[in-house]
Protein chains: 2
Amino acid sequence: MRADALRNRTRIIDTAREVFREQGYDASLDEIAKRAGVGAGTLYRHFPTRDALLDAIMQTWVDRVEEAAEKALAFEGPPRELLLGWFDVYVGLISLHRGGPAKITSALGDPDSPIRTKCEVLTGAFERVMQRLRDADALREGVDTVQAARLVGGVATVADDGGLDAAAVRPLLVVVADGLLRA
Amino acid sequence: MRADALRNRTRIIDTAREVFREQGYDASLDEIAKRAGVGAGTLYRHFPTRDALLDAIMQTWVDRVEEAAEKALAFEGPPRELLLGWFDVYVGLISLHRGGPAKITSALGDPDSPIRTKCEVLTGAFERVMQRLRDADALREGVDTVQAARLVGGVATVADDGGLDAAAVRPLLVVVADGLLRA
DNA sequence: GACAATACGGAGACAGTCTCCGTTTAGCAA
DNA sequence: TTGCTAAACGGAGACTGTCTCCGTATTGTC
């Protein structure tokens, strides 16, 4: 890749991250191009669709998921707390930008999603946490990872759309956790 | 209201219902106007915002919620089945048009929402069902109606966004129900 | 039948998406 | 260094959707 192309690419990604954080995932792409100091054509050449740009942005913080999962796995304490702690982190991560929860959760389990690889990292991390609980025989029968991720993603989506704060989200996650854990 | 105004109003509502059903809540309003055989100005005069139009459309089927709640209340059987049956109906109702679950669920508990009155009908029905279970001492402590509606709405939203069918939705609702019901 | 009051409708201003293509630049080879 | 070519740039403009403005038409009343 030519040096100028690479330079523009990173500029676009950085700017997009900033703009998406400020305005959510439906921000104007032309504005992102303008702020990044490139023409619209350049943006669209690098990222033919909005989702392609999204995918590039997610790269950075998908890495954080791994750490968070490790931390959850190392947690010594009751399963309910472990699960709730993980849910909190997960919701925080997918809610970094407005529109994120819906985008990500709807892509779970979709093999054709443009952000598939990123979602696989997420479900991978989720799976490890769930497996840890399964090993401890803490989960009900027939509970599977994608279902759990969808439930938590649903909570995050509702919170995102409705502007709920952490205090309003907590009880919802508690219900989901109680529904997943062995009674 | 003048006769021609009323005629146009109903034409617009009927057309909008049709178009929204076909294309979801983000369909073009100009197309609705065109299909209804009126000018864009006429549509916007009757319904200044997309939400105002939505509100008018919801009227018809909000009525169905009442019946459905009555039916649920009359149900003789285990609380878990009652709750799941109600969830199914509720999800079906708010999912009539694409985009509906997110729209409606994010409006729950928002006193400034343009579809507030419709949401109140929904939560009212939801509340009666929940109260019935509370009377039977079937619910966990501290479970409240809006929380339950948000959870079910979250499931419906995820299903709507991700194109999940009833078979994929069922287990999610089961988890929510188990989380709400006394262990 | 005339005259307000009310309602209509579509042209057009505006904003966002996305493409096309003439211009510029990086990188390499002589 | 210079010259060359493939690669990349960028912005004008076509297109779509939102929403307003205002000249025109219709309704219902006296």
Side-chain angles (χ1 to χ4, degrees), chain A residues 1-58 97-100 102-103 106 113-115 161, chain B residues 1-58 97-100 102-103 106-107 112-115 161:
Chain A
M1 181 178 258
R2 247 170 65 169
D4 54 346
L6 186 62
R7 193 170 52 241
N8 278 331
R9 200 189 140 82
T10 26
R11 285 182 61 89
I12 291 169
I13 293 177
D14 290 345
T15 309
R17 209 193 314 278
E18 184 182 310
V19 174
F20 282 149
R21 187 172 45 235
E22 288 172 15
Q23 312 182 9
Y25 280 162
D26 52 355
S28 157
L29 296 185
D30 272 26
E31 187 191 325
I32 292 174
K34 189 162 289 182
R35 263 212 229 179
V38 303
T42 302
L43 187 148
Y44 284 97
R45 195 166 342 92
H46 284 289
F47 307 100
T49 63
R50 181 180 294 270
D51 282 342
L53 184 50
L54 228 55
D55 188 63
I57 284 173
M58 286 176 70
H97 303 331
R98 200 153 19 86
K103 188 99 228 164
S106 72
S113 167
I115 57 171
D161 287 350
Chain B
M1 182 180 257
R2 248 168 64 169
D4 54 347
L6 185 63
R7 191 170 53 241
N8 278 331
R9 198 188 142 83
T10 25
R11 284 181 64 91
I12 291 170
I13 294 176
D14 289 345
T15 309
R17 209 192 314 276
E18 184 181 310
V19 174
F20 282 148
R21 186 171 46 233
E22 286 172 17
Q23 312 183 11
Y25 279 165
D26 51 356
S28 158
L29 296 185
D30 271 26
E31 188 192 324
I32 292 174
K34 189 164 289 183
R35 263 214 229 178
V38 304
T42 301
L43 187 149
Y44 284 97
R45 197 169 336 97
H46 283 290
F47 307 102
T49 65
R50 183 180 291 271
D51 282 344
L53 184 50
L54 227 58
D55 188 64
I57 284 173
M58 287 178 69
H97 302 333
R98 200 154 19 86
K103 188 97 227 166
S106 71
D112 300 327
S113 167
I115 57 170
D161 287 352

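In what follows, chains carry the letters A, B, and so on, assigned in the order in which the sequence lines appear, proteins first and then strands, with residues in each chain numbered from 1. Just so you know, these numbers come straight off a predicted model, no measurement behind them.
A salt bridge is absent between A:R7 and A:D4; no separation between the charged side-chain nitrogens and carboxylate oxygens falls under 4.0 Å. In summary, A:R11 and A:D14 do not engage in a salt bridge, as defined by a charged side-chain N under 4.0 Å from a carboxylate O.
Here the closest heavy-atom approach between residue A:I12 and residue A:L43 is recorded as CD1-CA, 3.8 Å. Nearest approach of B:D55 to B:I115, heavy atoms of both residues: OD1-CA, 3.4 Å. Of all heavy-atom pairs spanning A:H46 and A:N8, the tightest one is NE2-CB, 4.2 Å. Looking at every heavy atom in both residues, B:A56 comes nearest to B:F47 through CB-CE2, 3.7 Å. Residues A:K103 and A:L54 share a closest heavy-atom pair of CD-CD2, 3.3 Å. Taking each heavy atom of B:A33 and B:G39 in turn, the nearest pair found is CB-O, 4.0 Å.
Residues from residues 3-11 of chain A lying near DNA chain C, meaning a heavy-atom separation below 4.0 Å, are A:A3, A:D4 in numerical order. Contacts of residues 41-56 of chain B with DNA chain C (heavy atom under 4.0 Å): B:G41, B:T42, B:R45, B:H46.
Here the C1' atom of nucleotide D:dC9 and the NZ atom of A:K34 are 16 Å apart, to the nearest Å. Per the geometry, CE belonging to A:M1 stands 19 Å off P belonging to D:dA6, to the nearest Å. One can place CD1 of A:I12 at 12 Å from P of D:dA8, the figure rounded to the nearest angstrom.
The backbone N or O of B:D26 lies less than 3.5 Å from no partner atom in the side chain of B:R98, so there is not a single donor-acceptor pair.
Expressed to the nearest 0.5 Å, how far CZ of A:F20 lies from CD1 of A:I13 amounts to 11.0 Å.
Between chain B and DNA chain C, the heavy-atom contact criterion of under 4.0 Å yields a 5' to 3' nucleotide range of C:dA5 to C:dG10.
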